[in-house]
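As structure tokens, the structure follows; a few thoughts come after it.
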Amino acid sequence: MSYLTSSRCRLFYEDTAENDPSQQEKPAILFVNGWAISSRYWKPAIELLRQDFRCITYDQSGTGKTSIDGCRPDLTIGGFADEAGALIEHLGLDKSRNLHIVGHSMGGMVATELCLRYKDALLSSTILACGIFEETPFTSLGLMFLGGLIDVSMNFRNIFQVEPLRTLFIKRAATGHISKEYSDIIIEDFTTSDKAATNAVGHFSIDPEALRTYTRSVIEIASPVLCCVGMADHTIPPEGTVTLFEKRKASATSPTRLVQFMHLGHLPMLEDTPRFVDELKKHFDFAQHFYKKTQPAAPLAERVQIQ
């Protein structure tokens, strides 16, 4: 574990190559976290990936062990991409085409921005539970309601440390079973994250203009993209990820794959780690072959449902 200091923050990160230099030659995966959560929830997946991949996680400004004391970080998609980009460059991950970027929930928006900035280094992108919606009066009202819910939940978030609200909070995040260790992590991260940063992130992730930009950006990604979602997600409507896949399938020039975990929720990396990792590995392997000149023509879109 290490820190990268900038004018924005003192960024905490972990790199599996830190204690194993041989990993520096392996394809790298950068994991970008969701709203109000530290990077700890990726650990079960990393244990299954680290033999074949260099895995990098970090705590975004306002979460976990990253410190923003005395700083005034730009709490926008661009600002969060700046801090992740500084880490990418610090670790030399921008030097060759050897990088997979995985973004979860709000982190999918940041990951997409990174994919465009570092397109020459990118092997693949994975967008997990970060969808879009057709703009209608109904969805606009829903986003307005969600914005109000974010404000209320942040003002009274400590109540989620107490039963039965603690259990209800976890069940909303994860439809499938997750261990007490990670239930505790999710509650701790949410209730101890920086309030201003967490509130800002919650609001920009539902801003209509930010969502329009996000849609355009996902379509522009030149590398293979995996759209992945738990169809029993009670945190973010899963149909939005399906809509994002359909939008990209209709316009993008590089392959897109949709994986639907029919009985999982917002945290498939914890709810069914082996199946989630298996789908990531399939995507990464496809991306490696996509960039080989001798490869056969690949289908531009594929949809997979996993029961």
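Numbering starts at 1 and runs along the sequence shown. This is a predicted model, so every value here is computed, not measured.
A donor-acceptor pair under 3.5 Å is formed between the side chain of Gln60 and the backbone N or O of Asn33. With Gln305 contributing its side chain and Met262 its backbone, the two residues share no donor-acceptor pair below 3.5 Å. Judged by distance alone, with hydrogens and angles left aside, the side-chain atoms of Thr256 form no donor-acceptor pair with the main-chain N or O of Ala301 at under 3.5 Å. Checked by atom type and distance alone, the side chain of Thr175 pairs as donor or acceptor with a backbone atom of Ala232 at under 3.5 Å. Between the side chain of Asp59 and the backbone N or O of Phe12 there is no donor-acceptor pair closer than 3.5 Å. Judged by distance alone, with hydrogens and angles left aside, the side-chain atoms of Arg303 form no donor-acceptor pair with the main-chain N or O of Leu258 at under 3.5 Å. Using modelled atom types, no side-chain atom of Ser67 and backbone atom of Arg10 make a donor-acceptor pair closer than 3.5 Å.
Within the 4.5 Å cutoff, the side chain of Thr167 has no heavy atoms near those of the Ile170 side chain. Between Pro44 and Tyr182, the closest side-chain pair of non-hydrogen atoms falls below 4.5 Å. By the 4.5 Å heavy-atom criterion applied to side chains, Phe80 and Pro73 are not counted as neighbours. Side-chain contact between His283 and His100 is absent, with no heavy-atom pair separated by less than 4.5 Å. Using a 4.5 Å heavy-atom cutoff, the side chains of Tyr214 and Cys130 are in contact. Inter-residue side-chain proximity for Phe284 and Ile29 is flagged as met; some heavy-atom pair is nearer than 4.5 Å. You'll find the side chain of Leu11 stays beyond 4.5 Å of the side chain of Ser6, heavy atoms only. Contact of the Ile306 side chain with the Glu279 side chain is registered, since non-hydrogen atoms from C-beta on lie closer than 4.5 Å.
Between His90 and Tyr13, the ring-plane angle classifies as perpendicular under the 30° and 60° cut-offs.
A side-chain donor from one of Arg216 and Thr213 sits under 3.5 Å from a side-chain acceptor of the other. No side-chain N or O of Thr112 forms a donor-acceptor pair with one of Ser217 less than 3.5 Å apart. A donor and an acceptor atom, one from each side chain of Ser61 and Glu83, are located under 3.5 Å apart.
Judged as a ring pair (Phe, Tyr, Trp, His ring centres under 6.0 Å), and not counting sequence neighbours, Tyr118 has no contacts. Not counting sequence neighbours, Thr5 has no partner by the side-chain hydrogen bond (donor to acceptor under 3.5 Å, both in side chains) test. With sequence neighbours left out, the side-chain hydrogen bond (donor to acceptor under 3.5 Å, both in side chains) criterion links Thr16 to Gln23. The salt bridge (Lys or Arg N to Asp or Glu O under 4.0 Å) search around Arg54 returns Asp15, not counting sequence neighbours. Scanning for salt bridge (Lys or Arg N to Asp or Glu O under 4.0 Å) contacts around Asp189 gives Arg40, with sequence neighbours left out. Under the salt bridge (Lys or Arg N to Asp or Glu O under 4.0 Å) criterion, Glu89 pairs with no residue at all, not counting sequence neighbours. Residues satisfying the salt bridge (Lys or Arg N to Asp or Glu O under 4.0 Å) test with Arg275, not counting sequence neighbours, are Asp272. When the side-chain hydrogen bond (donor to acceptor under 3.5 Å, both in side chains) test is applied to Ser254, the partners found at least two apart in sequence or on another chain are Arg248. Remark: Ser2 pairs with Glu18 by the side-chain hydrogen bond (donor to acceptor under 3.5 Å, both in side chains) rule, at least two apart or across chains. Taking the ring pair (Phe, Tyr, Trp, His ring centres under 6.0 Å) definition, one finds that His266 meets it with His104, sequence neighbours left out.
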(request) For side-chain contact (heavy atoms from CB on, under 4.5 Å), just list the numbers for Glu47 and Thr273, CA-CA rounded to whole Å, side-chain angles, deciding distance to a tenth of an Å, and then say yes or no. (result) CA-CA 10 Å; Glu47 287 304 309; Thr273 308; over 6 Å; no

(request) Take Lys281 and Asp285 through the test salt bridge (charged side-chain N to carboxylate O under 4.0 Å, His left out) and record every step on the way to the result. (result) CA-CA 6 Å; Lys281 286 183 174 180; Asp285 183 63; over 6 Å; no

(request) Verify side-chain contact (heavy atoms from CB on, under 4.5 Å) between Phe169 and Thr191, making sure each step is shown before the conclusion. (result) CA-CA 12 Å; Phe169 185 93; Thr191 55; over 6 Å; no

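Follow the hydrophobic side-chain contacts under 4.5 Å out from Val225 and you never reach Val242; the two are in separate clusters. Linking ILVMFWY residues whenever their side-chain heavy atoms come closer than 4.5 Å, directly or via other members, places Trp35 and Tyr41 in the same cluster. One hydrophobic cluster, built from ILVMFWY side chains closer than 4.5 Å, cannot hold both Phe245 and Leu226; they sit in different ones. With hydrophobic clusters built from ILVMFWY side chains whose heavy atoms lie under 4.5 angstrom apart, Leu30 shares a cluster with Phe53. Ile77 and Ile236 are not part of a single hydrophobic cluster, where members link through side-chain heavy atoms under 4.5 Å apart.
Between Tyr58 and the choices Leu4, Val32, Thr63, the side-chain contact (heavy atoms from CB on, under 4.5 Å) rule is met once, by Val32.
The residues Asp184 and Lys180 are annotated as salt-bridged, a charged nitrogen and a carboxylate oxygen being separated by less than 4.0 angstrom. We find that Lys119 and Glu220 are not joined by a salt bridge, their nearest charged nitrogen and carboxylate oxygen being 4.0 Å or further apart.
Atoms OG and CZ, from Ser7 and Arg72 in turn, are 13.0 Å apart once rounded to the nearest 0.5 Å. Rounding to the nearest 0.5 Å places OG1 of Thr235 at 14.0 Å from NZ of Lys171. Separating the CD1 atom in Ile219 from the NZ atom in Lys249 is a distance of 13.0 Å, to the nearest 0.5 Å. Atom CD1 of Ile186 sits about 13.5 Å away from atom CZ of Phe160, to the nearest 0.5 Å. A distance of 11.0 Å separates CD of Glu188 from OG of Ser193, quoted to the nearest 0.5 Å. Considering CD1 of Ile127 and CD1 of Ile221, their distance stands at 5.0 Å, rounded to 0.5 Å.
Within the structure, salt bridge (charged side-chain N to carboxylate O under 4.0 Å, His left out) pairs that include any residue of residues 92-118 comprise Asp82-Arg117, Glu113-Arg117 (at least two apart or interchain). Within the structure, salt bridge (charged side-chain N to carboxylate O under 4.0 Å, His left out) pairs that include any residue of residues 20-36 do not occur (at least two apart or interchain).
Taking every heavy atom of both residues into account, Asp233 and Pro238 meet most closely at O-CD, 3.6 Å. Contact detail for Gly176 and Glu271: the closest heavy-atom pair is N-OE1, 2.6 Å. The heavy-atom pair separating Ser38 from Gly64 by the smallest distance is CB-CA, 3.8 Å. Heavy atoms only, all atoms of each residue included: Gly62 and Ala197 are closest at CA-CB, 4.0 Å. Smallest separation of non-hydrogen atoms from Gly85 and Leu114: N-CD2, 3.8 Å.
Enclosure of atom CD in Glu163 by more than 12 non-hydrogen atoms of other residues, nucleotides or ligands within 6.0 angstrom is indicated.
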